[in-house]
Amino acid sequence: MQGITKIGALITAAALTANVALTPAARADELAELKEKFAASDTNHDGKLTLDEAKAGGMKRIARGFDRIDADGDGFITLEQIEAKMQSR
């Protein structure tokens with residue numbers, strides 16, 4: 001399963017980098033994977049991720065872009081903030 005996740009992440013990254021629109025099915029898969037990783041990384045189950053949780057959970061791209069996603073600067077990000085950042089690309 002981890003190999004599939006890495007392949008999906010690479011495809012998503014390539015599509016975002018190339019500014020190629022994802023198909024609705026690929027977008028749904030991407031969101032499902034994001035929600036799964038977010039939930040697994042949210043160790044205190046408060047519905048928010050700190051930078052440390054994102055790093056510890058293996059969410060490297062989220063950790064790298066944490067400050068851009070955390071637009072209000074409150075030190076944590078929500079799934080909604082991540083989705084909004086993804087849609088703005």
Side-chain angles (χ1 to χ4, degrees):
M1 185 69 158
Q2 201 170 25
I4 293 172
T5 300
K6 288 181 182 179
I7 292 170
L10 289 172
I11 292 169
T12 300
L16 291 174
T17 302
N19 228 4
V20 175
L22 297 175
T23 66
R27 177 100 173 112
D29 288 346
E30 179 184 50
L31 287 175
E33 183 178 328
L34 173 64
K35 289 177 183 180
E36 185 178 309
K37 287 198 84 159
F38 187 97
S41 299
D42 182 16
T43 55
N44 63 356
H45 309 290
D46 64 354
K48 308 174 213 174
L49 284 185
T50 63
L51 178 56
D52 288 339
E53 285 177 319
K55 287 179 180 178
M59 299 183 78
K60 294 176 184 177
R61 289 179 55 212
I62 299 300
R64 280 194 307 267
F66 192 90
D67 290 336
R68 289 185 303 276
I69 299 167
D70 183 20
D72 55 7
D74 56 11
F76 59 83
I77 56 177
T78 63
L79 189 57
E80 291 78 20
Q81 286 175 305
I82 297 170
E83 289 179 20
K85 190 56 142 174
M86 289 170 60
Q87 290 176 355
S88 72
R89 290 182 165 242

Legend entry - Sequence-distant partners of Thr23, side chain to side chain contact (heavy atoms under 4.5 Å, CB included), two or more places apart: Ala25, Ala26
Inset, instruction - Looking only at non-hydrogen atoms, find the nearest pair between Gly57 and Lys37 and report the distance. - result: O-CE, 4.1 Å
Inset, instruction - Please list, chain by chain and in numerical order, all residues satisfying side chain to side chain contact (heavy atoms under 4.5 Å, CB included) with Leu79, sequence neighbours excluded. - result: Leu34, Lys35, Phe38, Glu83
Inset, instruction - Calculate, to the nearest 0.5 Å, the distance between atoms CZ and CD1 belonging to Arg61 and Ile82 respectively. - result: 11.0 Å
Inset, instruction - Identify the heavy atoms of Asp42 and Lys48 that sit nearest to each other, and give their distance. - result: OD1-O, 3.0 Å
Legend entry - Asp52: side chain to side chain contact (heavy atoms under 4.5 Å, CB included) partners, not counting sequence neighbours: Thr50
Inset, instruction - Using salt bridge (charged side-chain N to carboxylate O under 4.0 Å, His left out) as the criterion, list what pairs up with Arg27, not counting sequence neighbours. - result: Glu30
Legend entry - Donor on one side chain, acceptor on other, Ser41 and Glu53, under 3.5 Å: no
Please tabulate, for the side chains in residues 66-73, all donor-acceptor contacts under 3.5 angstrom to protein atoms that are two or more places apart in sequence or on a different chain.
from  : atom 1 : to    : atom 2 : distance (Å)
Asp70 : OD1    : Gly73 : N      : 3.3
Asp70 : OD1    : Asp74 : N      : 3.2
Asp70 : OD2    : Asp74 : N      : 3.4
Asp70 : OD2    : Gly75 : N      : 2.9

Inset, instruction - Mind checking side chain to side chain contact (heavy atoms under 4.5 Å, CB included) for Lys60 and listing every partner two or more places apart, or none if nothing turns up? - result: Arg64
Legend entry - Phe76-Met59 co-clustered via ILVMFWY side chain contacts under 4.5 Å: no
Inset, instruction - Supply the atom-to-atom distance Gln81 CD to Ile62 CD1, rounded to the nearest 0.5 angstrom. - result: 11.0 Å
Inset, instruction - Using the test side chain to side chain donor-acceptor pair (under 3.5 Å), find all partners of Asn44 that sit at least two apart in sequence or belong to another chain. - result: Asp46
